[in-house]
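Residue indices begin at 1 and follow the sequence shown.
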Amino acid sequence: MNREMKVLAIVFGSLFVLLVLAGIGVAYAISRASAGITLDDDPAAMRRTAAKIATFDVPRGYRIATATDFGVQQSITLEGEGRRHLGFMIQVQGTTLPSDPKTNAASMRFALGLAARVMRCEPHETLDQIRAKGNVVDFEAMACDGTTSLRMETGSMRVGPHAVTIIATGRGGRFDRDALVALVRSMR
């Protein structure tokens, strides 16, 4: 075997070993991360997950329906109890990582645009502002008329050292802005 072939064999052999080691590392990281993921269905566990996001009051007529704790990010979904609240839900997300409400809002604005394209609707975009504790929280609002009849509002606010993102979705003309306002104003 000539010298060039030996060098190529060593280089490609080393790359192959590094690739295998990287694959093992990724598999280990995924297994460790998945061990920290919890999908709660116990009301007490869901309240503990919500407390990791922020301290807030669940609006009257709503309950925490789902909670997910990824370790560095938590998410809960509030759903209404009874026919009056059908078709409306609020998702609240928080993270233990440093985050900026303006960056979160820009990301959500992009996601709303993608959602509109997927649902093949012409969105009517507006800005909904909710005053909370002397601050104004901007909620990007998108409404789709016609067969979809959907309204989504998303906003991000600083609560303590972290940003909390809130996504409210109403279908069939049901959008409970009073519940959204009550939730935002109770954040502490």
Side-chain angles (χ1 to χ4, degrees), residues 40 43 46-70 73-96 99-119 121-188:
D40 298 322
M46 288 191 283
R47 285 190 300 276
R48 284 191 300 273
T49 298
K52 289 181 181 180
I53 299 169
T55 301
F56 59 89
D57 300 325
V58 175
R60 184 193 319 245
Y62 289 83
R63 66 180 175 81
I64 301 173
T66 63
T68 307
D69 188 345
F70 289 103
Q73 181 175 352
Q74 294 77 36
S75 173
I76 63 157
T77 302
L78 302 175
E79 291 182 349
E81 299 175 308
R83 292 180 77 62
R84 180 176 173 260
H85 303 294
L86 282 178
F88 180 74
M89 67 178 205
I90 302 172
Q91 186 175 45
V92 183
Q93 301 172 348
T95 179
T96 58
S99 56
D100 175 49
K102 289 182 182 178
T103 304
N104 290 355
S107 299
M108 292 310 297
R109 195 169 31 256
F110 176 74
L112 284 176
L114 285 177
R117 278 188 248 144
V118 167
M119 295 182 306
C121 78
E122 288 298 319
H124 308 287
E125 296 180 29
T126 58
L127 184 65
D128 185 8
Q129 296 183 317
I130 299 173
R131 181 166 298 282
K133 296 186 174 85
N135 297 319
V136 174
V137 182
D138 291 337
F139 276 80
E140 299 288 331
M142 178 194 77
C144 295
D145 297 329
T147 58
T148 331
S149 186
L150 174 75
R151 180 173 179 85
M152 293 178 69
E153 289 195 17
T154 181
S156 190
M157 60 191 288
R158 182 151 311 277
V159 179
H162 307 292
V164 172
T165 301
I166 300 171
I167 305 159
T169 308
R171 290 182 301 176
R174 295 185 174 162
F175 191 88
D176 191 349
R177 187 172 186 278
D178 292 339
L180 176 61
V181 170
L183 175 69
V184 170
R185 288 184 177 165
S186 74
M187 288 280 173
R188 49 195 183 282

Start with the C-alpha distance between Gln91 and Ser75, add both sets of side-chain angles, then the distance that settles side chain to side chain donor-acceptor pair (under 3.5 Å), and finish with yes or no.
CA-CA 7 Å; Gln91 186 175 45; Ser75 173; 3.0 Å; yes
Test side chain to side chain donor-acceptor pair (under 3.5 Å) applied to Thr77 and Thr66, step by step
CA-CA 5 Å; Thr77 302; Thr66 63; 3.1 Å; yes
Step by step, work out the side-chain contact (heavy atoms from CB on, under 4.5 Å) result for Gln74 and Thr68.
CA-CA 6 Å; Gln74 294 77 36; Thr68 307; over 6 Å; no
Could you give me the CA-CA distance, side-chain angles and deciding distance for Asn135 and Met157, then say whether side-chain contact (heavy atoms from CB on, under 4.5 Å) is met?
CA-CA 9 Å; Asn135 297 319; Met157 60 191 288; over 6 Å; no
Val137 vs Gln129, side-chain contact (heavy atoms from CB on, under 4.5 Å): CA-CA, chis, key distance, verdict
CA-CA 6 Å; Val137 182; Gln129 296 183 317; over 6 Å; no
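With values rounded to the nearest 0.5 angstrom, Met46 atom CE is found 7.0 Å from Arg63 atom CZ. One finds the CZ atom of Arg48 at 14.0 Å from the CD1 atom of Ile53 (value rounded to the nearest 0.5 Å). Distance check, rounded to the nearest 0.5 Å: CG of Leu78 to CD1 of Ile166 gives 9.5 Å. Between the CD atom of Gln93 and the CD atom of Gln73 there is a distance of 5.5 Å, given to the nearest 0.5 Å. From Glu153, atom CD reaches atom CZ of Phe175 across 3.5 Å, with rounding to the nearest 0.5 Å. With rounding to the nearest 0.5 angstrom, the CG atom of Asp69 is 12.0 Å from the CD1 atom of Ile76.
Legend: residues meeting salt bridge (charged side-chain N to carboxylate O under 4.0 Å, His left out) with Asp138, ordered by chain and number and at least two apart, are absent. Under the salt bridge (charged side-chain N to carboxylate O under 4.0 Å, His left out) criterion, Arg177 pairs with Asp128, not counting sequence neighbours. Among residues two or more places apart in sequence or in another chain, the side-chain contact (heavy atoms from CB on, under 4.5 Å) test is passed with Ala182 by none. Under the side chain to side chain donor-acceptor pair (under 3.5 Å) criterion, Thr95 pairs with no residue at all, not counting sequence neighbours. Qualifying side-chain contact (heavy atoms from CB on, under 4.5 Å) partners for Arg188, counting only residues two or more places apart in sequence or in other chains: Thr55, Asp57, Lys133, Ser186. Every residue two or more places apart in sequence or in another chain was checked for a salt bridge (charged side-chain N to carboxylate O under 4.0 Å, His left out) with Arg158, and none qualifies.
The two residues Ala179 and Pro59 make their nearest non-hydrogen contact at O-CG, 3.4 Å. The two atoms that bring Val184 and Phe139 nearest to each other are CG2-CZ, 3.6 Å, heavy atoms only.
Taking the side chain as every heavy atom from C-beta outward, Ile90 and Ile167 never approach each other to under 4.5 Å. Using a 4.5 Å heavy-atom cutoff, the side chains of Val92 and Met187 are in contact. Residues Val136 and Ile130 form no side-chain contact, since every pair of their non-hydrogen atoms from C-beta on lies 4.5 Å or further apart. Within the 4.5 Å cutoff, side-chain heavy atoms of Leu183 are placed close to those of Phe56.
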